[in-house]
Each structure stands twice: as C-alpha cells, then as structure tokens.
Amino acid sequence: MANVTVIGAQWGDEGKGKIVDWLAERADVVVRFQGGHNAGHTLVVGNQTYKLSLLPSGIVRGTLSVIGNGVVLDPWHFRDEVAKLAGQGVTITPDNLHIAENCPLILPFHRDLDGLREDASEFKIGTTRRGIGPAYEDKVGRRAIRVCDLAHLDDLDPQIDRLCAHHDALRAGFDQPPIDRVRLKNDLAEIAPHILPYAKPVWHSLGEARRAGKRILFEGAQGMLLDVDHGTYPFVTSSNTVAGTASSGSGLGPGGVGFVLGIVKAYTTRVGSGPFPTEQDNEIGEFLGTRGHEFGVVTGRKRRCGWFDAVLVRQSAAVSGITGIALTKLDILDGLEEIKICVGYTLDGRHYDYLPPHAADQARVEPIYESVEGWSETTAGARSWAQLPAQAIKYIRRIEELIQCPVTLVSTSPQRDDTILVRDPFED
Ligand code: IMP
C-alpha cells in the first residue's frame with residue numbers, strides 16, 4: 001500500500017498532528033479531505049511548535065500539501081494561517097500548496113450563524129463557532145460559493161440571490177439584518193487574489209501522483225465519534241470523518257485510501273457537549289486533563305476526560321476499516337495504581353457491545369469496567385518495547401485484543417522520535 005489515511009478513532013484530539021508529521025516526512029503529498037479550520041493540529045519540530053487548523057501538516061516540512069474538495073475553506077482564515085506560518089519561517093507557495101477548485105467556502109455569515117445558534121438555544125452542540133456546520137449545510141443545499149466562483153465574481157448574482165433568500169430568513173429569526181450583498185461581493189473580490197493562485201484540479205494531480213507511485217498521506221481531522229453519520233449524533237461535526245471520506249473528499253477513488261491508521265489516545269477525551277460514557281468528572285478526570293494538557297487547540301476549552309472505552313474504539317475500527325492503530329499519550333497514565341478499561345455497557349438490564357444510536361440511550365448507558373494494574377515507571381520517551389514496563393505492555397495488548405485491531409505504533413511523547421514502530425504503514 002503506497003498510501004496512508006490517518007483518522008481519529010475517538011472524539012478528536014488523539015494526537016494526530018505528531019503522527020501525521022512523522023509520516024509526512026516520508027510522504028510525497030499530504031491531503032486534507034474533510035472539516036475546516038475547526039481542527040487543531042499541534043506539531044512539535046525541534047524547538048518550534050506549529051499550530052495548524054486548516055493547512056495540511058505536510059506544509060511545515062515543505063511537502064506538497066493539498067486541501068481537497070471535502071474541506072470547507074474560510075478564505076480569510078486561510079490567508080491568516082499562511083501568514084502566521086510564514087512568520088515562523090515556513091515557505092508556502094502555489095507550488096507546495098494546492099486547493100481544490102470545487103472546495104466550498106465558509107463565509108462570514110456562516111460563522112455568525114454558528115455563534116448565534118450556540119448562544120440562543122438551550123440545546124448546545126458546543127461547536128467551535130467557526131461556521132463549519134452552516135457552510136456544509138449550504139454545500140448540500142446547493143447554494144455554496146466555491147473556490148472556482150472567485151474567478152467568476154461577475155456571474156455570482158443568481159447564487160447570491162439564493163444564498164440571501166435562505167440566510168436572510170434565518171437571520172431575521174435572530175433579529176439580525178439581512179446580508180449586506182455589496183459588502184459580501186467586495187470582500188470576495190478582495191480575498192480572491194489570496195486564494196486563486198492555489199486553486200487546482202486536485203483530483204487530477206492526485207491521480208497523476210498515484211500513477212507515478214507517489215506516497216499520498218490523507219490527514220483526517222476530528223474523530224470517528226464526531227462523524228455526521230456514525231458519530232454521537234447530533235453532537236457531531238458536519239462532515240464525514242471516517243476513512244472512506246479520503247476518497248470522496250479528494251477525488252482519488254476508493255482504492256487510493258491505502259493503509260488506514262486510526263489514532264487512539266490511551267484514555268478518552270471530548271470537547272463540546274454530548275454523551276461520554278466513561279467520563280470521569282472527578283479527580284481522575286482532573287489528573288488526566290492536567291497531566292495530558294487537555295485544552296482545545298482551536299478554542300482553548302478544557303477537554304472532558306475519562307477512561308479508555310474499548311467499545312467505542314472497536315466500533316470506530318469497524319466502521320472506518322482501520323488497518324492498525326497508533327496509540328498515543330500512554331505516558332499520561334504513568335504512576336496510576338489502577339487503570340480502568342470499558343469493555344461493554346448495560347442499559348435497562350440489557351448488555352451492549354456497541355454504542356446504541358439514540359442520544360438519550362447513549363447518555364444513560366452504564367460502562368462495564370475491567371481493572372488493569374498500573375505501572376510506577378515512566379514510559380515517556382520510550383523508543384522500544386524493551387523500554388516499556390511489563391504492565392504497560394500488558395495494557396497495550398489488552399487494548400489490541402478488545403478493539404480487535406493491531407497496534408501499528410505507540411507514541412510516548414510529543415517529540416516525533418519518541419515513537420515505537422511495530423509496522424511501517426507506508427511499507428505495508
Ligand atoms: P464544529 O465542527 O465546529 O461544528 O463542532 C461540532 C463538534 O465537533 C463540537 O463538539 C466540537 O467541539 C467538535 N470538534 C470540532 N472540531 C474538533 C477537533 O478538531 N477536535 C475535537 N473536537 C472537535
């Protein structure tokens with residue numbers, strides 16, 4: 001398999017940034033295929049820390065980076081993120097960064113609507129307020145303005161009519177004035193030159209790269225449990241985060257997905273609202289959050305923390321067709337006397353080996369825990385199995401068994417070389 005698709009197998013924030021960066025060094029192309037600037041990928045390279053929300057992680061090393069059609073792109077954020085990275089010495093040009101011409105745009109009123117909904121309702125998803133959901137709604141509603149439209153601003157009026165008809169009605173419901181069409185067109189005209197040089201038929205260049213035997217790395221954002229179909233609906237993001245989206249979100253065809261590497265944290269975290277069966281709203285959760293620095297990269301919000309949930313990860317592995325997992329942040333568990341793993345649920349006397357689909361049931365399931373003895377030694381920085389305490393290896397082996405999926409690599413610190421490699425996904 002020449003290609004690798006990296007996805008989060010929990011609720012996002014599994015530590016994809018480091019793994020993608022590690023793989024990106026040997027990839028020829030890195031592709032984002034879903035989500036938008038709601039993602040938060042932290043890359044530590046030497047003594048520099050890069051925080052990316054939208055750009056593919058390969059860009060930091062100068063690897064050809066592609067934003068696929070499955071992404072929703074905020075052009076103003078794009079301009080600012082490019083400028084921020086340039087300020088850190090990263091060279092970004094249309095030669096090493098391509099954006100799909102058919103990529104839909106996130107516009108200012110999408111962001112407004114996202115925030116208005118979050119503020120107005122009792123029912124909060126806890127979104128990143130970046131306009132992701134409203135932009136995807138316009139995409140499937142066939143109203144979106146896309147990257148290619150920026151080269152056709154004079155033809156945009158009929159589309160703006162349809163967009164305004166939809167959004168002005170929604171805005172009126174929040175006592176907001178109608179969209180200022182003149183300002184919108186001016187803003188688009190002003191931003192277009194910052195985007196258009198990067199616009200390419202990426203399906204075409206990715207097809208060529210594949211035929212030439214290049215290694216393509218697909219970089220997923222968020223996690224499987226936030227998938228709009230398979231996640232904890234409605235407390236999900238608005239895109240498909242499963243591995244199959246690498247194909248539809250880039251235009252490369254299903255055979256191009258390659259080795260599916262699921263990133264799995266050695267415990268569980270979640271930001272935003274919604275069910276979380278193994279959440280520890282107690283000193284254990286505090287310990288994991290403090291030790292693991294569990295704060296959102298994008299919003300700075302404190303992440304909710306809990307025990308490893310093998311039921312959820314087994315489900316993720318199944319629906320995403322995960323070939324192997326990368327286990328991250330094992331060192332955060334160092335020093336715990338007892339570690340718990342969720343191996344099933346009960347609900348109203350019935351046993352479940354999967355998460356039932358209804359949000360109310362998901363909120364009420366009772367986890368069934370198995371206890372594992374912890375270890376007192378440190379695993380931080382380990383680079384071989386021999387450097388891991390026996391109990392830590394036992395924990396990893398038990399996880400493999402429960403999720404029915406092998407461990408491909410173990411990450412033992414944010415530094416890229418602190419990694420134990422079992423199989424090389426690119427060589428598989
Ligand atoms: P949205 O993607 O901004 O619409 O937010 C929907 C849900 O996905 C919320 O619960 C967010 O907290 C969550 N979410 C979005 N992006 C990320 C991410 O990169 N990591 C973790 N959670 C995310």
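Not measured: the values here are computed from a predicted model. Indexing begins at 1, ligand by ligand and atom by atom, following the structure's order.
Using a cutoff of 4.0 Å between basic side-chain nitrogens and carboxylate oxygens, Lys84 and Asp80 are not scored as salt-bridged.
Here the closest non-hydrogen pair linking Gln222 and Gln34 is OE1-NE2, 3.3 Å. The minimum heavy-atom distance linking Asp418 with Lys18 is given by the pair O-NZ, 2.8 Å.
Checked options Thr278, Thr232, Asp13; the residue passing with Arg270 is Thr232 (criterion: side-chain hydrogen bond (donor to acceptor under 3.5 Å, both in side chains)).
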* Applying salt bridge (Lys or Arg N to Asp or Glu O under 4.0 Å), run through Asp21 and Arg61 and close with a yes or a no. => CA-CA 8 Å; Asp21 175 50; Arg61 296 179 179 276; 2.6 Å; yes

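Protein residues with a heavy atom closer than 4.0 Å to ligand 1 are Trp11, Asp13, Asn38, Ala39, Gly40, Ile125, Gly126, Thr127, Thr128, Gln222, Leu226, Val236, Thr237, Val271, Gly272, Arg301, listed by chain and number.
For residues 93-135, the ring-ring contact (aromatic ring centres under 6.0 Å, His included) pairs, not counting sequence neighbours, are Phe109-His167, His110-His167, Phe123-Phe235.
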